[in-house]
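This report concerns only the one structure given below.
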There are 2 protein chains.
Amino acid sequence: MAPKIKDVAKKAGVSVTTVSRVLNGEKYVKDDLKAKVKRVIDELGYAPSHIARSLVRKKTNLIGVIVPDLTSSFYSTILSSIEETASLNDYNLLVCNIIEDTDKELKYLNVFKEMRVDGIIIMHEKLSDDIRSFINKLDIPVIFSSVRPLDHKFVSVIIDDYEAAYDATRYLIELGHERIAFIGGDMRDITSGQNRYVGYRNALKDQRVRIVNDYIRFGDYKTQSGYNLMKELLACEPRPTALFAVSDDMAVGAMNCIHDHQLKVPDDISIIGFDGSQLTELVRPRLSSMEQPIQDMGKITVDTLIELISDPTFSPREDLILGHKLVVRDSCRAYQTER
Amino acid sequence: MAPKIKDVAKKAGVSVTTVSRVLNGEKYVKDDLKAKVKRVIDELGYAPSHIARSLVRKKTNLIGVIVPDLTSSFYSTILSSIEETASLNDYNLLVCNIIEDTDKELKYLNVFKEMRVDGIIIMHEKLSDDIRSFINKLDIPVIFSSVRPLDHKFVSVIIDDYEAAYDATRYLIELGHERIAFIGGDMRDITSGQNRYVGYRNALKDQRVRIVNDYIRFGDYKTQSGYNLMKELLACEPRPTALFAVSDDMAVGAMNCIHDHQLKVPDDISIIGFDGSQLTELVRPRLSSMEQPIQDMGKITVDTLIELISDPTFSPREDLILGHKLVVRDSCRAYQTER
DNA sequence: ATGAAAGCGCTAACAT
DNA sequence: ATGTTAGCGCTTTCAT
């Protein structure tokens, strides 16, 4: 069995309180005693039980994180930033990967509750009724990152997805494109589904570009779905000359589909993605994308959650809206009518 | 404050023991009592404290995981598989992302020790002396996944990296290539550094292909490093006609470099990667790769660790060697001398 | 079938 | 400056 504080106390010839004091760096311990205790701790290889500590302190220093898909470039990057920030603040991450599995999510949320995690980060917005009511009853701070669910009793750290989509679409319009297709996400998602879609539509409408329903398709943010939808789009007559995809993954899927059909990006079709994930630099041509500040998003999520944890009265009723940025790479070109 | 077992007991008019019994599904509780307790639990929104439980049961159902780079396609996939298997067995993951930071790693290992995690999974092999001695003293089961450090007192779940690299290289030789370059990893790594390098060398030697030192470069498994090293290789005279990169990330970096120099894969240079990560299907041309059974690796790692946890006498002294598989896609072609 | 009470390893009054 | 002791919320003998 691992040594306990009592063992240390006995061997050092002091009381457990004294050991506890040196453990917690309190003063009121004479230097020689402190030194002796420390030596014994080393000799015994003693490490205080976080379990026992949590029980009395009522603080676990644990943050539960629910990620929709660990293997996606966007989420693994934001998770990495979350981990870094948490670690810097002495918080540890309990990570749960949910791939559209409400039961598993509910189970995990319950584990988070049982574990008495200090806070919870959720990164998807397709909240089932069960989930919704569960987290509403929970008296643990919850924060949403990169998404904002509909009835938000909680804070979200996001960009303005509507504006970002609008700007991305306008960029294509300004390049002279008039047949601009759209590959969207799940319309049950407000943030990444609806907002981005409406941004696209309104950009077209405002610049008086015709909206063609056939050019509008919806999928699930993943590469495969981008590939499949692009295939459908290639069958349209006339073919679109540009595409806005609401995730880089989908954009890459579309690029690959185009490549596999012996067409060229951007010569035949211009593509702009969304997220600004690592993928953008991994593919050829490099993918222009509407960039979310992924690193900042992770950091700010954790920083805000920690404030929420340490000061329950602190409650930024407002969401935290970060800036988006168009990053131009090589996947778009101007459209010449006389081509 | 969250309700406790005592609150439930009081409200249900029974003893805490009884509540504990229904919580743990024991028999010897009359049905009507059981029902009443359950109702009260619901009404109160009571969830047993995992902390308190762990303290008395001496079991946390926590597994600590140390990942070298969450954002890499290989590690995020294996982590995803680990998470899934753990979750299925009611274990939760404490995830720590280490990017060559020994201090952080040591700190985390100490957290794992304090947290009394039931087991630890480590996915890198560059163990510093501190780390090495720390885990040797630890009386928590440790398992290595995808790597095997030098003095292995612990079990590893791996493929035969030497054989896999040998086979990958031989594939290029069989395609008729004679100028085969190598982009390697960190030679301080046994598994992914040395073994793969020696596999490459021996394959050349055995098939009597000349080994050219200029064609051999070492990096850090990442895309950028693959890119940079390929740039160096392109400057060689004569240029290599084929390349074996010890990670898919590096292979993709090399592909991009080749593309950026107006050359073609596989027409000008054939490339084979290593890992069989999702990247292989994301790039064009699709990347042929020596595939590791990533999913299985994650699953087997967790399954074995759980055995280790539940039965301390159980100790597969042997490493678990999984099979590798060459997956041919579009990045290699036969070399014709008369070209 | 149910309950009382000891104890898991620690912290934090409270005493000295 | 150091020690005694009562919990923290649960499980688990041991009684009944």
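So you know, we letter chains A, B, ... as the sequences are listed, proteins then strands, and number each from 1.
- Taking atom CG of residue Asp7(B) and atom P of nucleotide dC8(D), one finds them 11 Å apart after rounding to whole Å.
- In this structure, Arg116(A) places its CZ atom 21 Å from P of dC10(C), rounding to the nearest Å.
- Residue Lys30(B) places its side chain closer to dA1(C) than to any other of dC10(D), dA1(D), dA1(C).
- At a cut-off of 3.5 angstrom, counting only N and O atoms as typed in the model, there is a donor on one side and an acceptor on the other between the side-chain of Arg21(A) and the base of dG3(D).
- Here dG3(C) is the nucleotide among dG3(C), dG9(D), dC10(C) with the atom lying nearest to any side-chain atom of Thr17(B).
- Between Ala52(B) and Leu33(B), the residue whose closest nucleotide on DNA chain C is further toward the 5' end is Leu33(B).
- Protein atom NZ of Lys6(A) is 13 Å distant from nucleotide atom C1' of dT4(D), rounded to whole Å.
- The distance from atom NZ of Lys34(B) to atom C1' of dT2(C) is 14 Å, rounded to the nearest whole Å.
- Rounded to a whole Å, the CG atom of Leu55(B) is 12 Å from the P atom of dT12(D).
- With respect to the salt-bridge test (charged N to carboxylate O, under 4.0 angstrom), the residues Lys299(A) and Glu84(A) do not qualify.
- Picking from dG3(D), dG9(D), dC10(C) the nucleotide with the shortest atom distance to the side chain of Tyr46(A) gives dC10(C).
- Distances shown here put every side-chain N or O of Arg53(A) at or beyond 4.0 Å from the OP1 or OP2 atom of dC10(C).
- Set against dT11(D), dG3(D), dC10(D), the side chain of Lys4(B) has dC10(D) as its closest nucleotide.
- Under a 4.0 Å N-O distance rule, the pair Asp186(B)/Arg188(B) qualifies as a salt bridge.
- The nucleotide whose nearest atom lies closest to any side-chain atom of Leu23(B) is, among dT13(D), dT11(D), dG9(C), dT11(D).
- A heavy-atom distance below 4.5 Å is found between the side chains of Lys126(B) and Glu100(B).
- Summarising the geometry, the separation between CZ on Arg57(A) and C1' on dA13(C) is reported as 16 Å, rounded to the nearest angstrom.
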Criterion salt bridge (charged side-chain N to carboxylate O under 4.0 Å, His left out) on Glu26(A) and Lys34(A), from CA distance to verdict: CA-CA 10 Å; Glu26(A) 284 175 42; Lys34(A) 189 184 292 183; over 6 Å; no
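- Ser49(B) has no side-chain polar atom (N or O) that falls below the 4.0 Å cut-off from OP1 or OP2 of dG9(D).
- The side chain of Ser20(B) approaches dT11(D) more closely than any other nucleotide in the set dC10(C), dT11(D), dG3(D).
- Out of dC10(D), dT2(C), dG3(C), the shortest distance to the side chain of Val29(B) is found at dT2(C).
- Side-chain proximity of Thr18(A) to the nucleotides dC10(D), dT2(D), dG3(C) is greatest for dT2(D).
- Here dC10(D) presents its C1' atom at 13 Å from CD of Glu26(B), a figure rounded to the nearest Å.
- If you measure from atom CG of Asp32(A) to atom C1' of dT2(D), you get 12 Å, rounded to the nearest angstrom.
- Under 4.0 Å is where a charged nitrogen must lie from a carboxylate oxygen, and between Asp90(B) and Lys107(A) at least one such pair does.
- Within the 4.0 Å cut-off from OP1 or OP2 of dG9(C), at least one side-chain nitrogen or oxygen of Lys58(B) is found.
- Defined by atom type and a distance below 3.5 Å, a donor-acceptor pair is present between the side-chain atoms of Ser192(B) and Glu125(B).
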